[in-house]
4 protein chains.
Amino acid sequence: MPFSRRFFSAATARAKPLSLHPSTKKNSRIGTLRVVGTDCRGIVAACTQVLGQYNCNIVKSEHWTDTQKRMFFQRLEFHHPNDDSVDHQACEDELEERLRTIQFSQSFLSQSNLEPTFDAATTQVQGFPLECHWNWRDRRKRVGIMVSKYDHCLWELLLRHSANELDMDIDLVISNHDTLRHVPETFGIPFFVTPITPETKTEQERKQLELLQNVDIVILARYMQVLSPIFLQHFPNRILNIHHSFLPAFSGGSPYHKAYDRGVKLIGATAHYVTEELDDGPIIEQDVMVVSHRDSVQKLKKKGRILERNVLHKALEAHLEDRVIVHENKCVVFGD
Amino acid sequence: MPFSRRFFSAATARAKPLSLHPSTKKNSRIGTLRVVGTDCRGIVAACTQVLGQYNCNIVKSEHWTDTQKRMFFQRLEFHHPNDDSVDHQACEDELEERLRTIQFSQSFLSQSNLEPTFDAATTQVQGFPLECHWNWRDRRKRVGIMVSKYDHCLWELLLRHSANELDMDIDLVISNHDTLRHVPETFGIPFFVTPITPETKTEQERKQLELLQNVDIVILARYMQVLSPIFLQHFPNRILNIHHSFLPAFSGGSPYHKAYDRGVKLIGATAHYVTEELDDGPIIEQDVMVVSHRDSVQKLKKKGRILERNVLHKALEAHLEDRVIVHENKCVVFGD
Amino acid sequence: MPFSRRFFSAATARAKPLSLHPSTKKNSRIGTLRVVGTDCRGIVAACTQVLGQYNCNIVKSEHWTDTQKRMFFQRLEFHHPNDDSVDHQACEDELEERLRTIQFSQSFLSQSNLEPTFDAATTQVQGFPLECHWNWRDRRKRVGIMVSKYDHCLWELLLRHSANELDMDIDLVISNHDTLRHVPETFGIPFFVTPITPETKTEQERKQLELLQNVDIVILARYMQVLSPIFLQHFPNRILNIHHSFLPAFSGGSPYHKAYDRGVKLIGATAHYVTEELDDGPIIEQDVMVVSHRDSVQKLKKKGRILERNVLHKALEAHLEDRVIVHENKCVVFGD
Amino acid sequence: MPFSRRFFSAATARAKPLSLHPSTKKNSRIGTLRVVGTDCRGIVAACTQVLGQYNCNIVKSEHWTDTQKRMFFQRLEFHHPNDDSVDHQACEDELEERLRTIQFSQSFLSQSNLEPTFDAATTQVQGFPLECHWNWRDRRKRVGIMVSKYDHCLWELLLRHSANELDMDIDLVISNHDTLRHVPETFGIPFFVTPITPETKTEQERKQLELLQNVDIVILARYMQVLSPIFLQHFPNRILNIHHSFLPAFSGGSPYHKAYDRGVKLIGATAHYVTEELDDGPIIEQDVMVVSHRDSVQKLKKKGRILERNVLHKALEAHLEDRVIVHENKCVVFGD
């Protein structure tokens with residue numbers, strides 16, 4: 001399958017048509033399309049032409065070519081007439097076909113700085129095949145949240161969700177402690193406790209995966225356990241974590257203690273996708289805050305909580321709006 | 001001429017092919033295209049198709065539709081083969097023709113929130129006609145700088161220019177005082193003094209306009225005189241000013257005194273295009289800095305100088321890279 | 001009474017000894033002392049000597065003299081032995097006596113830039129008499145919150161209070177609407193509705209004042225009514241408001257609409273004490289956030305909510321920790 | 001000598017009375033006093049009393065006690081009558097005597113959280129002896145700047161110095177390359193080239209030390225050589241370096257490349273004192289800037305230059321105003 005849909009395609013497949021999103025107009029549907037792959041001439045035109053043929057109106061688009069690596073990254077947001085005569089699937093299929101054709105037949109840029117990586121003999125593209133991913137705003141992403149004992153990020157997510165500021169459905173909250181049960185229950189969201197010990201970890205993760213089987217994204221809202229590679233495989237680039245330092249500084253445990261000991265004048269927070277390498281996944285969003293010599297570890301923690309929730313929220317928003325493309329352990333994050 | 005080229009077209013016309021820009025590859029030319037007008041379906045496709053036909057490779061693009069006002073804003077950056085067989089002018093002409101055709105023939109979006117403003121009887125577009133503006137990176141913009149007695153913004157411009165960080169040619173520096181003569185002269189840039197009194201202002205402005213007749217942009221790098229409407233008419237959206245406050249707060253004179261008196265906890269700087277209404281032109285860039293009760297007016301001025309030069313520089317960079325479109329006294333500023 | 005205790009003294013008087021604050025050590029008491037008045041030599045020494053005599057250990061202090069206006073501002077934080085043998089009142093009284101003596105007897109600085117404003121004939125100080133204000137951490141400030149329909153600032157206050165991050169007691173929440181009843185009730189905090197119409201305003205304010213009679217501070221957490229001068233008189237420099245713009249820009253109503261119309265590149269929030277002049281009270285804290293041409297009014301509001309709650313919280317923290325001195329419509333805010 | 005003056009005392013001793021600083025009033029002298037040591041009751045009073053006795057007027061003071069480590073840090077800024085009858089040396093001597101007495105005779109705090117570390121048997125203070133350091137504003141610090149090939153930090157220092165914004169005298173600029181000769185020469189500042197190879201390093205450093213023998217501070221304004229421990233011994237806590245990352249992230253070489261490879265969303269700069277451990281000295285100041293996926297290494301470098309010069313300048317200002325106390329590899333930085 002040379003033409004995979006790697007980005008969140010499982011998510012899209014699983015997501016059932018849920019309640020119509022308030023911002024969707026009754027006679028139009030809002031969609032996003034992300035395209036990524038080895039750059040070749042004509043991609044931009046191909047995407048826009050097909051969308052035009054199917055009566056889509058593009059309202060926002062951003063594209064960037066990494067000219068050194070010849071990689072192409074694009075995001076399009078469009079309005080699509082929402083009447084029954086329109087075959088959305090046909091539109092998706094045709095675009096994918098068109099993009100595949102372009103990539104295999106067209107000659108690549110031959111400018112001096114963009115050496116062709118095209119092997120004429122085999123007609124094989126020596127690059128990263130074009131992928132495209134469609135999403136429809138009215139299919140809201142389903143979310144599972146994992147927490148331990150800190151409640152500030154959890155409150156942030158639940159409050160902003162209840163204020164209709166986060167375009168997602170929260171299916172459940174899982175914790176390794178019973179401490180925060182009252183928070184999800186305030187909002188009528190199911191809460192499950194899966195206590196972790198070195199002995200029970202494998203079994204509990206199996207249980208967690210079962211609970212999370214219908215979600216598109218897992219948010220680690222200060223979940224203090226390291227997830228196993230097996231767990232991670234189920235959610236490639238779909239587990240968001242908030243780390244309480246400006247990575248790569250102070251990775252691992254107790255970043256505020258380390259920041260205090262080093263005497264830094266800024267503390268930070270980093271939201272990233274979780275990969276097997278601890279705290280080394282692709283960074284979505286970072287922010288920092290000024291601190292002083294007067295700040296004890298306790299005070300750094302208190303100040304940092306504001307950063308953590310804001311950075312997590314901002315990263316989540318980017319993810320939910322399909323503004324992120326992950327490539328080679330980095331995130332391309334398009335504008336909001 | 002319904003299809004005007006309002007943005008900087010005079011500038012482009014005047015700019016002579018100057019020294020080849022270092023970042024331009026020997027066998028390709030870098031160009032930018034900005035398109036603005038009433039939104040209609042097919043614009044994005046039209047632009048990209050024509051560029052494709054003429055062998056351009058788009059390396060960066062950003063577009064945004066103001067769905068409430070139905071306005072379309074786009075910027076494309078592309079590489080164009082630089083061989084003699086390519087007719088750049090034909091490419092430009094064809095795109096303009098195509099855009100004109102689209103706008104007049106195509107039906108507009110008829111989604112509920114995008115009511116057509118199309119008058120069938122007259123076949124007149126009831127909107128803002130599509131405009132497009134081409135620029136070629138190897139035609140560097142020519143700049144005239146105007147200053148009074150403060151030197152920090154002037155040094156910033158000349159130093160960063162001499163470090164090849166600003167893609168422009170500085171033709172001259174004009175001042176109403178002789179104070180800063182040594183600064184441009186350090187860099188071998190011509191310096192002219194046009195002392196202003198209420199009586200001589202008209203005459204001196206005439207002289208200034210003569211000196212500036214070949215420049216594309218005028219930068220007011222802390223020039224403390226108000227320019228007359230006659231002067232402004234020569235440079236619509238092409239005079240950049242740095243104001244030392246976060247506008248609209250503290251417009252007019254002595255903003256640091258006003259900030260001190262009001263007891264604000266932040267001071268700011270604003271770069272904007274100059275219009276007849278004082279300090280009310282379209283804002284390109286703003287930034288602020290924390291201050292405290294301990295800061296005297298003198299100290300606010302000192303701190304503010306850092307802001308002023310940084311904000312002016314950032315705005316200028318956006319202008320030089322053709323990342324700004326002015327519309328109804330606001331700036332659309334595309335990403336860097 | 002030439003030696004008044006203007007700052008929050010009413011509040012201190014009213015505040016009953018509440019539950020012992022967790023950060024107070026069992027055998028020591030934490031206190032703060034703020035001194036403000038016309039600068040004269042020996043003030044710093046006088047304060048520290050008296051505190052020393054009564055066995056206080058100063059753990060943090062900050063002082064600043066406005067040399068132009070000859071005003072002295074100081075804040076001291078100290079640990080006081082908490083055994084019955086210590087007469088706190090005597091300590092307070094002695095310091096006040098000492099400060100009064102200093103101001104009347106000592107000659108003023110006679111440096112060239114600090115001309116004496118001392119009238120020898122009458123032995124009257126021609127300045128602002130020294131005031132000092134004591135507070136004890138174990139007497140927590142009592143707070144009344146007023147809201148309308150926006151809940152983000154209210155949630156912020158109640159959540160951070162329940163997380164022991166705000167050193168205060170929340171007595172009640174008052175609103176002119178019933179909309180947010182569920183929020184205080186989640187935390188078991190009394191909620192009162194006082195619907196306001198032009199006809200009932202006077203009567204409702206009377207009722208509000210009755211409800212608030214035991215509180216030290218009133219927090220307007222997005223309360224959308226203008227308070228009458230009569231109301232304000234009850235809480236001089238003790239009503240905190242959050243305004244959703246970087247004042248003085250966009251004072252009055254609909255600041256996000258005004259920001260959108262002006263096309264600013266930053267939005268802001270300002271926390272200030274309420275005075276009779278609308279949105280013109282002394283500023284405690286301000287912050288801003290970058291926005292772009294793509295942000296609709298709706299999106300500015302959404303982004304701004306994060307600013308509003310953070311700025312309000314930061315200002316409140318400063319107030320609760322006795323780090324603010326108001327003087328001539330400005331705030332001296334000491335470091336945290 | 002139990003009562004050493006470790007902070008910059010060598011510097012003060014060496015600094016000859018240079019040109020009278022413009023901000024010094026003709027009949028008063030501005031001084032700063034920093035005191036650091038194990039906290040004990042009465043220190044604040046002792047300092048202020050002695051200054052009072054000698055007719056000093058304190059215009060600004062800040063003190064902080066690290067209650068966990070029982071360390072005391074204070075900075076006082078005062079005006080001192082500048083007539084011949086005043087014996088400045090006597091004032092300094094008396095204060096030192098008083099502080100010594102306090103520390104040895106007074107009982108320490110015996111609050112539960114501040115266990116005495118006082119050994120009654122030996123009457124030895126089990127802590128860090130009190131140190132105090134005097135500086136007089138009219139004895140400007142003498143500075144040597146070391147650079148390699150990047151000019152942005154050097155220009156910043158020389159321009160701001162020539163604008164009277166940095167209260168210091170620049171004695172000379174040293175480089176391991178001839179590249180930047182024109183910069184100091186623009187300002188009439190002596191420039192010396194000491195080319196470094198592995199073979200010549202020892203010899204060249206000896207030469208550099210000779211050139212720098214009269215300076216108080218060495219500023220590494222992007223000097224790309226590692227200084228030997230022998231060199232460092234001559235300037236304990238008196239060599240300021242600017243590192244182009246938010247330390248401890250990306251220490252060592254090529255931080256912008258590392259930042260690009262990691263895909264961070266912020267880049268930073270750190271000003272610190274140089275110690276034997278590379279990039280691990282006490283941090284004075286840090287700042288960051290937002291970057292995006294579109295930023296190449298080249299663009300990160302360009303953006304970072306603005307950060308570097310600003311952070312270096314801010315740290316230098318703190319150092320020059322005697323607002324920094326170094327303790328256990330951290331900086332206490334008092335407010336400006």
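Chain letters run A, B, ... following the sequence lines, proteins first and then strands; every chain starts at 1.
Evaluation of the salt bridge (Lys or Arg N to Asp or Glu O under 4.0 Å) test over residues 277-287 of chain D, restricted to residues two or more places apart or in two chains, returns A:R262-D:D280, D:E285-D:K314.
In this structure, the portion of D:K330 lying under 4.5 Å from any heavy atom of chain A is its side chain and not its backbone. At a 4.5 Å heavy-atom cutoff, A:F73 makes no contact with chain D through either its backbone or its side chain.
Put simply, the side chain of A:F72 reaches to within 4.5 Å of the side chain of A:V35, judged on heavy atoms.
In this structure, a donor-acceptor pair under 3.5 Å is present between the side chains of D:T270 and D:Q286.
When the heavy atoms of residues 250-259 of chain A are compared with those of chain D, the residues falling under 4.5 Å are A:F250, listed by number.
Contact tally against chain A (heavy-atom pairs below 4.5 Å) for D:P282, D:S296, D:S245, D:G281: the top residue is D:G281.
For the side-chain contact (heavy atoms from CB on, under 4.5 Å) test with D:H272, the passing option among D:L240, D:N241, D:I239, D:V311 is D:N241; the others fail.
Checked against a 6.0 Å centroid threshold, the rings of A:H319 and A:Y273 count as neighbours.
Contact record, D:L307 with D:I267: CD1-O, 3.5 Å, taken as the closest heavy-atom pair.
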Practice item. Output, in order, the C-alpha distance, side-chain angles, deciding distance and verdict of ring-ring contact (aromatic ring centres under 6.0 Å, His included) for A:H63 and A:F334. Key: CA-CA 8 Å; A:H63 131 244; A:F334 296 104; 9.0 Å; no

